[in-house]
Amino acid sequence: MIDLLGQFENIRFYLVGPYPNGAIGGLSLNILLTVLAISFSFVFGALLGYSRLSCRLYIKLPCMAYIEIVRATPLIMIIFWMYFFLPYLVGGHATIFSSAVVSLSIYAAAYQAEIVRAGIIAVPRGQLEAALSTGMSRYGAMQHIILPQAFRIMIPSFVSFFVSLFKDTATVFIIGVIELTQAGIIISQRDPDKMYAAYLSMAIGFWCVCFTMSHLARRLEKKVGVFDLESIRPDACRDEFMLLPKQKKTGEGIEQSVVCAPDK
Amino acid sequence: MIKFIAANKWFKDRHVLKNINLEISKGEVIVICGPSGAGKSTLLRTINKLEPIDDGEIIVDGMYISDPRTDLTALRAEIGMVFQHFNLYPHKTAIKNITLAPRKVRGLSKKRAEERALKLLEKVGLDHRRDAFPVQLSGGEQQRVAIARSLAMEPKIMLFDEPTSALDPELINEVLEVMTSLAKEGMTMVVVTHEIGFAQKVADRVVFMNDGEIMEIGSPPDIFVNPHHERTKEFMSSVFHIPIFSESQEEE
């Protein structure tokens, strides 16, 4: 425990890396990479997912190919491709930072495309028909009826994807980006006796950000999901779904195996 | 007002509409009945081209359905449609459900659209529920809002696709009452329904469909009480749960 507290002298390095003596790094870099990757891939991913729904093969097939190839490839492969192989193919030189951003964006776009596609097809078909039958154009129906509903459906998937993308930014340490993982490794190598403290600090750093993200998202869900409050109860527990023996109350009133009581 | 000329439609290999010829004049109330899978809903949905036909032609208010130059949104703006499952927009309140299309399609100001919506909500007896979301409304209330939503576009024709089939029995009447008053005002209506009572009271003509074909067209008594076709007789006796042509009646 004392050793963990000892890591406080390194806290600056965990948070911002070598900055201001070098490029920004540490946990801030993880956040920066996530934000950049999301911003670059959001529009692209949404377009991909939307086009993937087209019946026209010359639109649908390229989108499908992109999504299926990227989703079936480990992120680390994409990073290697962008950093080592692409510059070799096209010539020139890639910086580690731009390679990291580009590969994370490529990766994120494919997943976001699937989220967008699933969100749109989850809106019942009758909604489109109702909008069209009142004389609205397809564009208007999409804008006012389908997308607002699809967006609400997508929120939970987006959030869990953003959280996992944030964790995936740790992978780019492999090409030498000094983000939180790499920062931790550097510190642990400086003082191998306190290695476990360094690794614990990294974990705490990731946990704090992820936990905050999911917590904020839960509040967002509650706020925009007005029309379906019932389904959004992330804290609900449902013992009746558990494949466990039912809780028994003994004669003395001592409850056995009380894990969590179903809220009625 | 609506004219089907030898209209045909296939779903893959299945011939779902077989050579439909039907003319519906202005102000007429037509009830379409028949067993499930007979093509009643499909027939209704071809009128506003939610389902395109493969052969033949439908002329609605002078517009040719299968002509690619026909402005579909203009056509659909003139035709109101009410669905079995209401299809209200769940993320919008009752009044916003109603004002959306008049504002976006007809270009009405917010104030005028809301005035019109309130009048319609009053007409269907729901002016006190204007700010309720669809989940907060009962089935009957939702369907009445849906009717008001279609009427807000001031359509010339109203299509009803089994409007009471998804409702609890005690909520059916409130919807039928709204439809009856609409018919009295002279609205051209095409209604797919199993509500024989409504059909007898309101319909000018009843169309009996079976297996994609129009078997019989006639006044409600003609179809319900004295059907000519064997298949119609069979269907009617099962709908009324008791054989209409019992032996005692035939002896009389």
Side-chain angles (χ1 to χ4, degrees), chain A residues 46 50 53-57 115-116 118-159 217-234 236, chain B residues 41 44-45 47-51 71-94 96-107 131-137 142 145-161 166:
Chain A
Y50 186 62
L53 288 170
S54 172
C55 290
R56 278 163 229 182
L57 285 183
I115 295 172
V116 168
I120 292 174
I121 56 178
V123 177
R125 199 180 150 69
Q127 292 290 315
L128 179 65
E129 290 182 351
L132 290 180
S133 77
T134 54
M136 289 175 75
S137 60
R138 270 171 193 282
Y139 180 80
M142 215 55 207
Q143 183 190 351
H144 298 289
I145 305 304
I146 308 298
L147 289 181
Q149 291 183 57
F151 179 66
R152 285 166 168 81
I153 298 170
M154 290 173 208
I155 290 174
S157 322
F158 264 129
V159 170
R218 215 172 286 173
R219 285 175 58 177
L220 177 71
E221 269 172 52
K222 278 189 182 156
K223 205 171 155 191
V224 297
V226 234
F227 61 92
D228 203 5
L229 280 177
E230 288 299 306
S231 69
I232 301 163
R233 293 182 59 196
Chain B
S41 290
L44 197 72
R45 290 156 60 87
I47 297 175
N48 64 358
K49 212 176 177 181
L50 282 182
E51 302 282 1
D71 182 359
L72 262 184
T73 55
L75 171 87
R76 286 173 178 154
E78 303 299 330
I79 308 174
M81 185 157 192
V82 176
F83 300 86
Q84 182 176 0
H85 296 289
F86 331 130
N87 295 354
L88 288 179
Y89 312 134
H91 59 305
K92 290 185 182 292
T93 57
K96 288 214 171 119
N97 261 280
I98 300 173
T99 54
L100 182 70
R103 288 183 63 192
K104 300 297 168 199
V105 182
R106 297 268 197 243
D131 293 319
F133 281 95
V135 279
Q136 298 165 318
L137 300 169
Q142 286 192 47
V145 172
I147 294 174
R149 177 176 69 182
S150 311
L151 290 176
M153 290 298 288
E154 302 188 323
K156 294 176 182 162
I157 300 163
M158 283 289 283
L159 309 176
F160 292 85
D161 190 359

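These numbers come from a predicted model, not from an experiment. Every chain is numbered from 1 and lettered A, B, ... according to where its sequence line falls, protein lines coming before strand lines.
- Only the backbone of B:Leu88 has a heavy atom closer than 4.5 Å to any heavy atom of chain A.
- If you measure heavy-atom distances from B:Tyr89 to chain A, the contacts under 4.5 Å come from both the backbone and the side chain.
- The line from OH of A:Tyr139 to NZ of B:Lys104 is 11.0 Å long, rounded to the nearest 0.5 Å.
- In this structure, OG on A:Ser133 lies 6.5 Å from CG on B:Leu50, to the nearest 0.5 angstrom.
- Annotation: residues 148-159 of chain B contacts chain A through B:Arg149, B:Met153 [non-hydrogen atoms, separation under 4.5 Å].
- Among B:Arg106, B:Gln84, B:Arg45, the residue making the largest number of heavy-atom pairs under 4.5 Å with chain A is B:Arg45.
- By the neighbour-count criterion of 12 heavy atoms within 6.0 Å, atom NZ of B:Lys49 is densely surrounded, having more than that number from other residues, nucleotides or ligands.
- Contact of the A:Pro148 side chain with the B:His91 side chain is registered, since non-hydrogen atoms from C-beta on lie closer than 4.5 Å.
- A:Ile145 has its side chain within reach of B:Leu100: a pair of non-hydrogen atoms, C-beta onward, lies under 4.5 Å apart.
- Below 4.5 Å, heavy atoms of chain B meet heavy atoms from A:Gly126, A:Gln127, A:Glu129, all part of residues 119-129 of chain A.
- Residues B:Arg76 and A:Thr134 have side chains not in contact (no heavy-atom distance under 4.5 Å, counting atoms from C-beta outward).
- Comparing A:Ala131, A:Gly140, A:Ser137 by heavy-atom pairs within less than 4.5 Å of chain B, the highest count is held by A:Ala131.
- Between the CZ atom in B:Arg103 and the NE2 atom in A:His144 there is a gap of 9.0 Å [rounded to 0.5 Å].
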